[in-house]
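For clarity, every value in this text was computed on a predicted model and none was experimentally measured. Both ligands and their constituent atoms are indexed starting at 1 by order of listing.
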Amino acid sequence: MSIQRVTSKWAKTNALLKSQHLLEYIPETQNYSRETLFIMLENYKMVYVKPNNGTYGKGVIRVEKLAEPEIGFKYQHGTLIRSFLTFDQLFRSLNVYTSKRRYLVQRGIHLLMHQERRFDIRVMVQKNLSRAWEVTGIIGRLSHPAKIVTNYHSGGTPMSFERLMSSHMAPIEQQQYTARLHALGLLIVRSLQATYPRIKEIGIDIAIDTDFHPWILEVNTCPDPFIFRKLPNKAVFRKIYRYAVAYGRLRPRQPVVTRKRKTVAVSKPIRRKTRS
Ligand SMILES: Nc1ncnc2c1ncn2[C@@H]1O[C@H](COP(=O)(O)OP(=O)(O)O)[C@@H](O)[C@H]1O
Ligand SMILES: [Mg+2]
C-alpha cells in the first residue's frame, strides 16, 4: 500500500486539534483573511502568514504590530522588510502574496536563539521494523542571520539539538527535554494516524519558546531524511534510512565495490523530492 502524503497544513492542523492532549501545543491557526489577520495581530502582536501548501519556507511572512513608542505595522518576507502606518496599508501590501494562493495566519512564536539567530527543531517519527512508531531523530535548524525561517532550503543551518540547547539548559535538563519531545512526537503521530491511517513517517517542526514551551509549527508527511546526515552521530541517519527502505520510501544503498586500490561507490542514494 502506498505511503499517505498530506500537503494541506490546514487539514493536518485540524486532524491534530481532535486530540485533547495536543491543544496546548498547537498555536492558533486560521485561514488568512483581513479579519483573522487583524484579530490575531491584536491578540499576539506577532504572527506568521504562510501558504497552506508551502514547502522549504517559501512564501512565509512574519508580520508584527509594533509596540509603543513605535507605531504601525511591519512585515518581513525573505530579507525584504516593509513598514506601514496603518493596518489598511499593511493588508493591501500583503495582498501581493495572499491573493495568489491560499494562506494561513498563525500565532507567532518567539523562538529560542543561538548566537543571535533563531532556531527550531525537526523531530522525525517513523514506522520501525516491527511496524511500531519510533522517534528516530531530532535535529535543530538555525536560521540564516537575516531570515525569519529556519529551513535548510532557505539558508538555515542544521545543527545538533545538544549544541543549540547548551547555552539554555544543563545536560540533564536537555535529556529530560529530549524525552519530552519523544513523547510529544509519538502523541502527534498517533493522533494524525487517526485521520490518515496510511502515513509511515512524519517530520514535525517544533518551535521552543523562551519559556521552553514546545509548539507544533507544522507536520510534514514527506520529510527530508537527508538533513540527518549533518549530525555527528552517523547511526541516526543510518537508522532513518534503514526504516525508510523497509517501508518503501527509499531504495537500498548500493554496495561499495573495490577496483584495484580505488574504492568507488557505485551510485549515490536516490534522492526523491521531499517536502519540508
Ligand atoms: N508560527 C510561527 N512562529 C514562529 N516561526 C514560525 C512560525 N511558523 C513558521 N515559522 C518559521 O518558518 C519556518 C517555515 O514554516 P513552516 O510552517 O514549517 O512551513 P514550510 O512548509 O515552508 O517549512 C519554520 O520552520 C519556522 O522557522
Ligand atoms: Mg516546515
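Only side-chain heavy atoms of Asn151 come within less than 4.0 Å of ligand 1; its backbone N, CA, C and O stay farther off. In Tyr56, the part holding a heavy atom less than 4.0 Å from any atom of ligand 1 is the backbone.
Taking 4.0 Å as the cut-off, Lys9 counts as a neighbour of ligand 1 on heavy-atom distance. The shortest separation from a heavy atom of Arg141 to ligand 1 is under 4.0 Å, placing the residue in contact.
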Review point. Ile206 and Trp215: side-chain contact (heavy atoms from CB on, under 4.5 Å), yes or no, with the steps?
Key: CA-CA 5 Å; Ile206 292 190; Trp215 294 95; 5.9 Å; no

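Ring centroids of Phe38 and Phe91 are separated by 6.0 Å or more, keeping the two rings apart. For Tyr241 and Phe237, the distance between ring centers is under 6.0 angstrom.
Close contacts between ligand 1 and Lys50 involve ligand atoms 8 (N), 9 (C), 17 (O) [criterion: under 4.0 Å to a heavy atom]. Heavy-atom contacts of Gln106 reach the following atoms of ligand 1: 1 (N), 2 (C), 7 (C), 8 (N) (cutoff under 4.0 Å). Annotation for ligand 1: atoms under 4.0 Å from non-hydrogen atoms of Thr55 are 21 (O), 22 (O).
Proximity of a side-chain donor or acceptor of Ser93 to a complementary backbone N or O of Gln89 within less than 3.5 Å is not detected.
When distances from the Mg ion (ligand 2) to the N, O or S atoms of Asp205 are compared, OD2 comes out shortest. Considering just the N/O/S atoms of Glu218, the one nearest the Mg ion (ligand 2) carries the name OE2.
Residue nearest to atom 22 (O) of ligand 1, selected from Gly57, Gly108, Gly54: Gly57 (by heavy-atom distance). Nearest residue to atom 24 (C) of ligand 1 from Asp120, Asp205, Asn52 is Asp120 (criterion: closest heavy atom).
A salt bridge links Asp205 with Arg141: at least one charged nitrogen is closer than 4.0 Å to a carboxylate oxygen. Remark: Lys45 does not engage Glu64 in a salt bridge, criterion side-chain N to carboxylate O under 4.0 Å. Between Arg249 and Glu201 there is a salt bridge, with a side-chain nitrogen of the basic residue lying less than 4.0 Å from a carboxylate oxygen of the acidic one.
The N/O atoms of Val149, backbone and side chain alike, include none that comes under 3.5 Å of an N/O atom in ligand 1.
For the residue pair Lys50/Gln106, the side-chain donor-acceptor check at 3.5 Å is satisfied.
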